[in-house]
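Just so we're clear, the structure is a prediction, and the values are computed from it rather than from any experiment.
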Amino acid sequence: MLSEKLRAALDNLLPEAGEDETYLMDGLPTLRDAAVLIAFTDRPDPGVILTQRPQWLRSHAGQVAFPGGKIDPGDRDAIDAALREAEEEIGLSRRDVMIAGTTEAYRSGSGYHITPVLGVIPPDLPLDPNPDEVEDWFEVPLDVLFDPENYIQQHAHWQGHDRHYYDMHWQGRRIWGVTAGIIINLARRMPAGWHR
């Protein structure tokens, strides 16, 4: 089962140090806790579910992201928050998610301490995006999304800093920034061929 393979991979992560956006933070600000769900589809060639944010949003308009958001006071932990957000954003019921575990948090330049929560879902679920939060959702093949060779490291000047980030284009979608950073960190640490 994919969930067992994913748990085994998380238990055997390679020791490579991950990158994040700590370098964009002046001093040591208080980070807000957040969580995202990395939902792997349980099929012979697994995929990962991503969302496209609406263009009219004030922050991160139009960006590709994992389902997720801030950890609310009523959430038990990062897993509970990621499952709640996935249900709110794309109608993914928590009963359809088999949690494999979490991995190291990613600190974003926008002030979030983001815990990636990894889970496995049945393929081809009839997801129903909330138009207030998600314009669309899509599935990217795992072998494409988690191949660091498919990303280009870019540089830009942002809020007085030289920012570097990863960027990938797939079927008209741009996967970059924090989402790409979380993927790259995890992809570099997962044992080779873990899902085969």
Side-chain angles (χ1 to χ4, degrees), residues 18-21 24 32 34-41 43 45-71 78 81-92 97 102-121 123-156 158-159 163-190:
E19 303 174 51
D20 63 18
E21 296 178 345
L24 295 174
R32 293 165 287 183
V36 296
L37 179 65
I38 304 179
F40 296 82
T41 53
R43 58 174 92 242
D45 291 315
V48 175
I49 301 297
L50 291 170
T51 66
Q52 180 100 36
R53 294 169 59 81
Q55 294 292 338
W56 53 263
L57 288 177
R58 268 192 4 218
S59 64
H60 309 292
Q63 289 187 5
V64 168
F66 293 111
K70 288 182 278 193
I71 297 178
L83 291 172
R84 175 185 53 74
E85 288 282 350
E87 193 154 14
E88 290 173 5
E89 290 180 14
I90 59 174
L92 175 59
V97 184
T102 62
T103 190
E104 286 78 18
Y106 186 98
R107 291 172 297 279
S108 75
S110 55
Y112 287 96
H113 181 265
I114 305 165
T115 300
V117 176
L118 284 64
V120 176
I121 64 171
D124 306 316
L125 287 174
L127 301 177
D128 184 23
N130 175 349
D132 291 334
E133 299 190 54
V134 174
E135 183 175 292
D136 197 11
W137 68 271
F138 57 102
E139 181 178 347
V140 184
L142 176 61
D143 289 337
V144 172
L145 191 67
F146 274 68
D147 182 352
E149 295 296 315
N150 290 332
Y151 292 82
I152 296 171
Q153 190 172 37
Q154 306 279 13
H155 297 271
W158 182 73
Q159 294 186 349
R163 180 183 182 191
H164 61 269
Y165 59 92
Y166 292 93
D167 196 343
M168 178 181 88
H169 293 265
W170 181 79
Q171 295 190 352
R173 312 267 188 178
R174 182 181 184 210
I175 302 164
W176 69 288
V178 170
T179 301
I182 290 170
I183 294 164
I184 292 284
N185 282 351
L186 188 55
R188 288 179 174 161
R189 298 194 62 205
M190 298 288 267

For this session: Taking T51 for its side chain and A65 for its backbone only, find out whether a donor-acceptor pair lies under 3.5 Å.
Result: yes
Exercise. Just by modelled atom types, is the W176 backbone N or O under 3.5 Å from a matching donor or acceptor in the D167 side chain?
Worked result: no
Considering all heavy atoms, the nearest [X]-[Y] contact:
X: R188; Y: P148; result: CG-CG, 4.2 Å
X: A86; Y: L37; result: CB-CD2, 3.8 Å
X: I49; Y: P67; result: O-CD, 4.1 Å
X: I38; Y: P116; result: CD1-CB, 4.0 Å
X: T115; Y: T103; result: CG2-O, 4.1 Å

Interatomic spacing from [atom1] in [X] to [atom2] in [Y] - rounded to 0.5 Å:
X: Y106; Y: H113; atom1: OH; atom2: NE2; value: 12.5 Å
X: Q63; Y: T179; atom1: CD; atom2: OG1; value: 7.0 Å
X: Q52; Y: I175; atom1: CD; atom2: CD1; value: 9.5 Å
X: L92; Y: L127; atom1: CG; atom2: CG; value: 6.0 Å
X: M168; Y: Q154; atom1: CE; atom2: CD; value: 13.0 Å

For this session: Could you please spell out the steps behind the side chain to side chain contact (heavy atoms under 4.5 Å, CB included) verdict for I182 and V36?
Result: CA-CA 10 Å; I182 290 170; V36 296; 4.3 Å; yes
Exercise. Who pairs with F146 by ring-ring contact (aromatic ring centres under 6.0 Å, His included), at least two apart in sequence or on another chain?
Worked result: F40
Problem set entry | Pairing residues for W137 by the ring-ring contact (aromatic ring centres under 6.0 Å, His included) criterion, not counting sequence neighbours | none
Exercise. With the threshold set at 4.0 Å, does a side-chain nitrogen-carboxylate oxygen contact exist between D136 and R53?
Worked result: no
Problem set entry | Ring geometry between H164 and H155 (parallel below 30°, tilted from 30 to 60°, perpendicular above 60°) | tilted
Exercise. In chain order, what residues pass the side-chain contact (heavy atoms from CB on, under 4.5 Å) check against A34, with sequence neighbours excluded?
Worked result: Y112, I114
Exercise. Which is it for F66 and I183 under the side chain to side chain contact (heavy atoms under 4.5 Å, CB included) test, yes or no, and what are the steps along the way?
Worked result: CA-CA 10 Å; F66 293 111; I183 294 164; 3.6 Å; yes
Exercise. Mind checking whether L83 and V97 have side chains closer than 4.5 Å, heavy atoms only?
Worked result: yes
Residues that [X] engages under side chain to side chain donor-acceptor pair (under 3.5 Å), provided they are two or more places apart:
X: D124; result: R43
X: E104; result: R189
X: D143; result: H195, R196

Problem set entry | Test log, rule side chain to side chain contact (heavy atoms under 4.5 Å, CB included), inputs L145 and L50 | CA-CA 10 Å; L145 191 67; L50 291 170; 4.0 Å; yes
Exercise. Does R173 count as lying over the ring of W170, i.e. NZ or CZ under 6.0 Å from the six-ring centre, within 45 degrees of the axis?
Worked result: no
Problem set entry | Criterion side chain to side chain contact (heavy atoms under 4.5 Å, CB included) on E85 and E133, from CA distance to verdict | CA-CA 10 Å; E85 288 282 350; E133 299 190 54; 4.0 Å; yes
Exercise. Does any donor atom in the side chain of T41 or E139 lie under 3.5 Å from an acceptor atom in the other side chain?
Worked result: yes
